[in-house]
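This report refers to the structure that appears directly beneath it.
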Amino acid sequence: MSTRRADVAIVGGGLTGCAAAYYLARRGRSVVVLERGFVGAQSSGVNFGNLRLQGRYLPQLPLALRAQAMWEGLEAELGDSVEFVQAGHVHVALNAAQAQEIERHAVDCRPYGLEVEILDRRETIRRWPFLGAGVLAASWSPRDAVVNSRLVCPAFARAAIALGAAIVEEIEVTAIEHASGRFTLRTDRDLVVEAGCLINAAGAWAAPLARRFGEEAPVFPAGPVQMVTEPVPAFVAPVIHAVDGSILFRQTARGNVLVAGHPRVTVDAEGRRSRVPPAKMAVNMARLAAVAPHMRAHHIIRAWTGIEGYLPDMLPALGPSGTTPGLFHAFAFSGHGLQIGPAVGAVLAELIVDGGTPTPIAPFSIGRFREPVAADRDRLRHEFYDDVLDRRPSA
Amino acid sequence: MADAVVVGAGPAGVAAAAALAEADLEVMLVDEAPRPGGQVHRSPPDGLDLDMAALLAAGHDAYRAFHARFAALRPRIDYRPQTLAWNVFAGEIHLAARGALEAVPWRALVLATGATDRVLPVRGWTLPGVYTLGGAQAILKDQGCLIGRRVVFCGSSPLLYLAAVQYLRMGGEVAAILDTTPFARKVAAAPRLAAAPRTFAEGLGHMARLRRSGVAIVHGAHIVAMTGDGAVDGVTYRGGDGVERRTACDAVACGFGLRPETQLAELAGCALRFDPIHRQWFPRVDGDGRAGNGVYLAGDGAAIGGAAAAALSGRLAGLAAVADLRAGTIAAEAPRLRRALHRLRRFQHGLAEAFAWPHGRVADIADDVAICRCEGITAGEVRRAVGAVAGALEVNRVKAATRCGMGRCQGRFCGPAAAELTAAALGRSDGEIGRLRAQPPVKPLPIAVAPAEDAA
Ligand SMILES: Cc1cc2nc3c(=O)[nH]c(=O)nc-3n(C[C@H](O)[C@H](O)[C@H](O)COP(=O)(O)OP(=O)(O)OC[C@H]3O[C@@H](n4cnc5c(N)ncnc54)[C@H](O)[C@@H]3O)c2cc1C
Ligand SMILES: Cc1cc2nc3c(=O)[nH]c(=O)nc-3n(C[C@H](O)[C@H](O)[C@H](O)COP(=O)(O)OP(=O)(O)OC[C@H]3O[C@@H](n4cnc5c(N)ncnc54)[C@H](O)[C@@H]3O)c2cc1C
């Protein structure tokens, strides 16, 4: 049995774990990342690639804007392409309530430093003439961007390795001991890791680790449905996104159109299997055809989903443990962990190296689940199919 | 609900449907093609006056018998031509046809989806004028067209000789046969090939016919490149003597045997196994084609075996499904079918040796040659993805890193070569590094088939 010592051990080699490893290594800390499968093969490598700023939970904007500034220089910094394209994001309103919502958000997000432009129907159609008849108004956020998520984690992992971090794939953390201020991680392979700090970046599978240290987080898994078409002639640069998330799409440089839309579907987190119900594919195809009628002439070539961890308030668990010094949580990003990923990594490095971070993260403390949260089923209903909500661990 | 849904109206699917219908079960038979026949008994559309007797010669009897059997079966089943089976999910098979979607539950599901060409990427293989061998044959049977005036047939497959003879019969010129397997391997395989004496004799007959017509046949050829600027104009190759030569042509038909269509089986939950003789993945079935959970597999999609074996395995799978649905024992004819099938499979192993997949050649593919023609991904890009720090350790990660296998064909054509290339770059065997996982839809699904949401 070999033992490896490091300043920080990280459970989970998704974007959260790999970005944290990179920023910690940059600050001179020794790091070991343990990943059960392959780096970025779960949520972090199968997502839509949306680096969306507008429409976010307002108190998360400082973190999100910090992340966006990092994304803007990330390819140069990591020395790798992640197919970063900053072509903006369009929230389209399909009814009057949605039109009001985007107007309100445009005002509310300004104090945080996010400027978005409200467009009436005429201007919206002038800019994106392919849009269907149902579009009433739009909100235009030029700083939003996209990446190819499949490239992001490997890029962070390579950069972290270059700075001396160890990233071990195909190894599962099976037990953790904690004594005299040190964590001992047991695995399913011939390796034990000892570290003074521990980051729980285990995505949808993170709740048992938190519970091991006396902290509850009512994480439940679900899968956002994704589809892609064959390459079609270029027709749109920004992401087009219905305000209620019922349909969104973007076109890649190669011409393929990525299509997604709520509600999210049931996935098997334990068996690590996720499949898209065919009926849901049909719904999203119909919605795409309604918002962009010319897409009717094309084909879907692939559909997939992934296993994402959600919390009932649709916010992550991010920050120091409330029970155990040296333990930090960063999981259940509730569908938007890609965009904030680099900043989450940097914040974790600051928490460990500096003992604090200038970026406000208090709303994401795991301590908010000390009191059982009321199940806000009505609010979640358009986000998830009923069977996802039925299977949740009771909060 | 139908008692049984059969996918594929080739020899295997039609034989299975017949066995089920004879037992008075309700059968739905689905095929994306407009007419029954599968690959081997493909027929021209009404109104195209193609002399199938001349085209098929000795094969015409089997063709006629198949279509007569189908005509008799037709009124007893729910036959759905031009219907794509695009997904299997939660006990239902998902169909797309005539601008509509349909989900059909089944008590027994027979997948007889056949096979398509296995391709080996070589320099120039994506030039216009280069076809797969099966494509060249399909165009002939389906449209009465030749792919060119002067055609090179190359690769490693018994169908090379059959297709070349069919081209000769229809007035084409065969520039050369470039067979990549050395003649000595054919001699070595002869005892096994003798397990099906008629087919063996037919094959020898085709070779003799080609020689009589003055067609050059090169055994053990190493294909160097398909050449041309904008369209193919020749094939360069090295013969057994190692000298590089070029044959001029205006079209190439290229095939390296067949690759089973296993996507639907995989989506239906069937396990797959790597077959070291064919060096590819096949679904796991018992001797009668049971894959478990009411799913049955038959024909080339279960084990590459040719038309006669496909029909036998289809009938067996149909009888097995009847027995299981009735909780009874399988029909008395089953042992005879199993013996005949076993003989043909032995023959097939002989064929796999006589017309071997050029294992090892993939590792030699130059860095600038495209592996994935849909996405234009080269061998070099695959090798770089494998070789990078924290690089891809299996073929699905190669796909994620490079887009190899992410195009319109969803890796059905590039998958095997990508897997071998990955294995070679990692110094592991091709069975160890996995295969591209199937994802729905198994073939492109028109967005227009989805009903508008308020109507749904
Ligand atoms: C289909 C889909 C679309 C999405 N679209 C977007 C989008 O457009 N924009 C956006 O911002 N976000 C999006 N998201 C969300 C985003 O992808 C995630 O929030 C983010 O990737 C989470 O990263 P992570 O590292 O926390 O989790 P993960 O990537 O899931 O990583 C967690 C890792 O921990 C490993 N692990 C778990 N337990 C153990 C153990 N015991 N031992 C070792 N390893 C373990 C897992 O194998 C896994 O690799 C989407 C998610 C999905 C699924
Ligand atoms: C072009 C070609 C020519 C051949 N010629 C000969 C020959 O002359 N002699 C010989 O012995 N062998 C020949 N073979 C080998 C041949 O594959 C088998 O002999 C025989 O056709 C196999 O029968 P099968 O029923 O298993 O599959 P097939 O005959 O291939 O039939 C499969 C059927 O399934 C349908 N199908 C597949 N997937 C779907 C889906 N998702 N939805 C709906 N329908 C679907 C296809 O349209 C097809 O009609 C040929 C193969 C090819 C590719």
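Quick note: numbers below take in every heavy atom, side chains included, and nothing from hydrogens, waters or symmetry partners. Lettering follows sequence order; numbering is per chain, from 1.
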Inset, instruction - Write down the atom of B/A450, the atom of A/A282, and the distance for their closest heavy-atom approach. - result: CB-O, 3.4 Å
Legend entry - For A/A286 against B/A452, the heavy-atom pair lying closest together: CB-CA, 4.2 Å
Legend entry - Contacting moiety of B/L445, where chain A heavy atoms sit under 4.5 Å: both
Legend entry - Nearest atoms (heavy-atom pairs only) where A/V276 meets B/F89: O-CE1, 3.8 Å
Legend entry - Heavy-atom proximity to chain B below 4.5 Å, by part of A/M227: neither
Inset, instruction - Please round to the nearest 0.5 Å and tell me the distance separating atom CG of A/L288 and atom CD1 of B/I447. - result: 5.0 Å
Inset, instruction - Name the region of A/A290, side chain, backbone, both or neither, that has any atom closer than 4.5 Å to a heavy atom of chain B. - result: neither
Inset, instruction - Measure the spacing between CD1 of A/I301 and SG of B/C409 and express it to the nearest 0.5 Å. - result: 9.0 Å
So which N and O atoms of chain B and chain A form donor-acceptor pairs under 3.5 Å?
{"unit_1": "B/N87", "atom_1": "OD1", "unit_2": "A/R275", "atom_2": "NH2", "d": "2.9"}
{"unit_1": "B/V88", "atom_1": "O", "unit_2": "A/R275", "atom_2": "NH1", "d": "3.3"}
{"unit_1": "B/V88", "atom_1": "O", "unit_2": "A/R275", "atom_2": "NH2", "d": "2.6"}
{"unit_1": "B/L267", "atom_1": "O", "unit_2": "A/R275", "atom_2": "NH1", "d": "2.9"}
{"unit_1": "B/C374", "atom_1": "O", "unit_2": "A/R254", "atom_2": "NH2", "d": "2.4"}
{"unit_1": "B/E375", "atom_1": "OE1", "unit_2": "A/R254", "atom_2": "NE", "d": "2.7"}
{"unit_1": "B/E375", "atom_1": "OE2", "unit_2": "A/R254", "atom_2": "NE", "d": "3.2"}
{"unit_1": "B/V389", "atom_1": "O", "unit_2": "A/R158", "atom_2": "NH1", "d": "3.1"}
{"unit_1": "B/R397", "atom_1": "NH2", "unit_2": "A/V39", "atom_2": "O", "d": "3.0"}
{"unit_1": "B/A400", "atom_1": "O", "unit_2": "A/R150", "atom_2": "NE", "d": "2.8"}
{"unit_1": "B/R403", "atom_1": "NH1", "unit_2": "A/E83", "atom_2": "OE2", "d": "3.1"}
{"unit_1": "B/R403", "atom_1": "NH2", "unit_2": "A/E83", "atom_2": "OE1", "d": "2.9"}
{"unit_1": "B/M406", "atom_1": "O", "unit_2": "A/R302", "atom_2": "NH1", "d": "3.0"}
{"unit_1": "B/R408", "atom_1": "NH1", "unit_2": "A/E230", "atom_2": "OE1", "d": "2.3"}
{"unit_1": "B/P440", "atom_1": "O", "unit_2": "A/A303", "atom_2": "N", "d": "2.8"}
{"unit_1": "B/L445", "atom_1": "N", "unit_2": "A/I300", "atom_2": "O", "d": "2.9"}
{"unit_1": "B/L445", "atom_1": "O", "unit_2": "A/I300", "atom_2": "N", "d": "2.8"}
{"unit_1": "B/I447", "atom_1": "N", "unit_2": "A/H298", "atom_2": "O", "d": "2.9"}
{"unit_1": "B/E453", "atom_1": "OE1", "unit_2": "A/R287", "atom_2": "NE", "d": "3.1"}
{"unit_1": "B/E453", "atom_1": "OE2", "unit_2": "A/R287", "atom_2": "NE", "d": "3.1"}
{"unit_1": "B/E453", "atom_1": "OE2", "unit_2": "A/R287", "atom_2": "NH2", "d": "2.9"}

Legend entry - Where B/A390 and A/A157 come nearest, the two heavy atoms and their spacing: CB-CB, 4.4 Å
Legend entry - Among the listed options A/A162, A/P231, A/P277, A/C153, the residue most often paired with chain B at heavy-atom distances under 4.5 Å: A/P277
Inset, instruction - Side chain from CB out, backbone as N, CA, C, O: work out which of these in A/I167 comes under 4.5 Å of a heavy atom of chain B, or both, or neither. - result: neither
Legend entry - Residue B/R284 excluded, over 12 heavy atoms near CZ under 6.0 Å: no
